[in-house]
Amino acid sequence: MKTLIIENIDLKKIGELVTVSKQFCDAPDIIALGEGDIPGSFGKAWQFGQAVPANLVSTVSNIIKQENYEVILMSVSTLGSGLAGPLSAALAAPAVTEVTAIHPDLVVDRPVYGGKAIIQHKIESTPTILTIRRKYFEPAQLDGTTAATALDAVEDKVTLVAETHEQTDGIPLEDANVIVSGGRGIGDPENFSMLQEMAHQLNGAVGASRGAVDEGWASPTKQIGQTGKIVAPSVYFAVGISGASQHLAGIANSKCVVAINKDEDANIFNRARFGVVCDYKKIVPILTQAIMEGK
Ligand SMILES: Cc1cc2nc3c(=O)[nH]c(=O)nc-3n(C[C@H](O)[C@H](O)[C@H](O)COP(=O)(O)OP(=O)(O)OC[C@H]3O[C@@H](n4cnc5c(N)ncnc54)[C@H](O)[C@@H]3O)c2cc1C
């Protein structure tokens with residue numbers, strides 16, 4: 001099936017979409033956004049400078065129509081989520097969002113009810129737009145670069161007035177291999193520094209439950225869960241977090257969950273591979289020290 005990737009110039013995001021594209025075709029084409037070379041080898045390539053998704057709709061939908069693309073792939077991101085709906089309307093094409101798996105015969109999975117159930121959709125008509133959840137597919141290795149046709153004819157429906165970059169002291173949560181997250185059980189904001197130190201030693205990032213965010217101990221940008229970020233680290237430490245379903249929805253694709261909670265009946269232990277029933281103030285400094293000594 002003729003496949004088009006639409007993505008910012010980002011090695012991992014493009015790599016993940018190339019992996020997905022292999023289910024549909026041998027060589028996808030790409031519309032890339034941003035400055036610099038497009039990593040990887042693509043049949044046809046177009047490139048926008050940075051632009052607001054709403055302003056790209058008519059140019060992108062014209063390319064899709066002219067080239068007869070059957071599958072359009074984007075990540076679940078500001079770009080993908082902003083473009084999927086308007087493109088679907090412009091092309092009268094179905095859009096399946098938050099896809100986490102692709103099966104034979106064009107059947108795709110998407111989680112619903114905060115990850116408690118999976119819906120399967122069979123793609124029956126083309127073009128079809130799919131947004132793909134990050135980190136569910138291993139990024140393909142991208143060799144070389146592809147020269148692109150520059151596209152600067154964008155509409156002026158929305159003007160970008162200002163852009164404020166999130167303060168991420170270190171690795172962004174979505175890219176972190178290790179996350180140390182704190183919940184309401186942390187008790188006060190100062191104690192988050194304990195988690196910061198542990199995350200620092202593990203070259204990881206600090207996250208938070210909504211409990212901790214509602215208390216004002218962590219920034220909303222750190223919230224993980226149904227209404228926060230969806231993360232997929234190799235190791236996720238849940239410290240003083242009860243394990244509400246809305247929190248678990250954000251960590252469904254974490255490979256190994258380690259729970260530290262003083263309540264042995266806390267629901268987080270049902271999701272954890274390793275659990276420590278203990279006051280976190282006793283165990284976190286010991287773990288941090290052991291990690292430092294083990295380096
Ligand atoms: C529509 C909706 C969307 C939501 N979205 C999200 C979301 O995106 N993310 C999210 O996280 N929540 C979300 N929630 C809230 C969710 O339901 C829970 O209320 C929240 O996750 C609870 O946070 P918590 O586990 O930190 O706090 P609590 O439930 O209060 O748990 C605190 C835990 O800390 C333990 N503890 C206390 N002291 C210590 C100690 N000294 N050492 C070790 N353990 C200790 C306790 O035993 C307890 O298990 C949402 C809710 C709704 C209704």
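Hydrogens, waters and symmetry mates play no part in the numbers below; they use all other heavy atoms, side chains included. Order of listing sets the numbers, starting from 1, for every ligand and every atom in it.
The residues lining ligand 1, counting any heavy atom closer than 4.0 Å, are G183, R184, G185, S209, R210, G211, Q223, I224, G225, Q226, T227, G228, G240, I241, S242, A244, Q246, H247, N261, K262, D263, C278, D279, Y280.
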N/O donor-acceptor pairs under 3.5 Å from side chains in residues 279-286, not counting sequence neighbours:
| from | atom 1 | to | atom 2 | distance (Å) |
| --- | --- | --- | --- | --- |
| D279 | OD1 | K281 | N | 2.9 |
| Y280 | OH | I186 | O | 2.5 |
| Y280 | OH | N191 | ND2 | 2.9 |

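Take S181 and apply the side chain to side chain donor-acceptor pair (under 3.5 Å) test, not counting sequence neighbours, and it matches Y236.
Of all heavy-atom pairs between A51 and L56, the closest is CB-CD2, 3.4 Å.
Evaluation of the salt bridge (charged side-chain N to carboxylate O under 4.0 Å, His left out) test over residues 16-41, restricted to residues two or more places apart or in two chains, returns E16-R134.
Residues S209 and R184 bring no donor and acceptor atom of their side chains to less than 3.5 Å of each other.
The pair K2-E70 fails the salt-bridge criterion, with no side-chain N (NZ, NE, NH1 or NH2) lying under 4.0 Å from an Asp/Glu carboxylate O.
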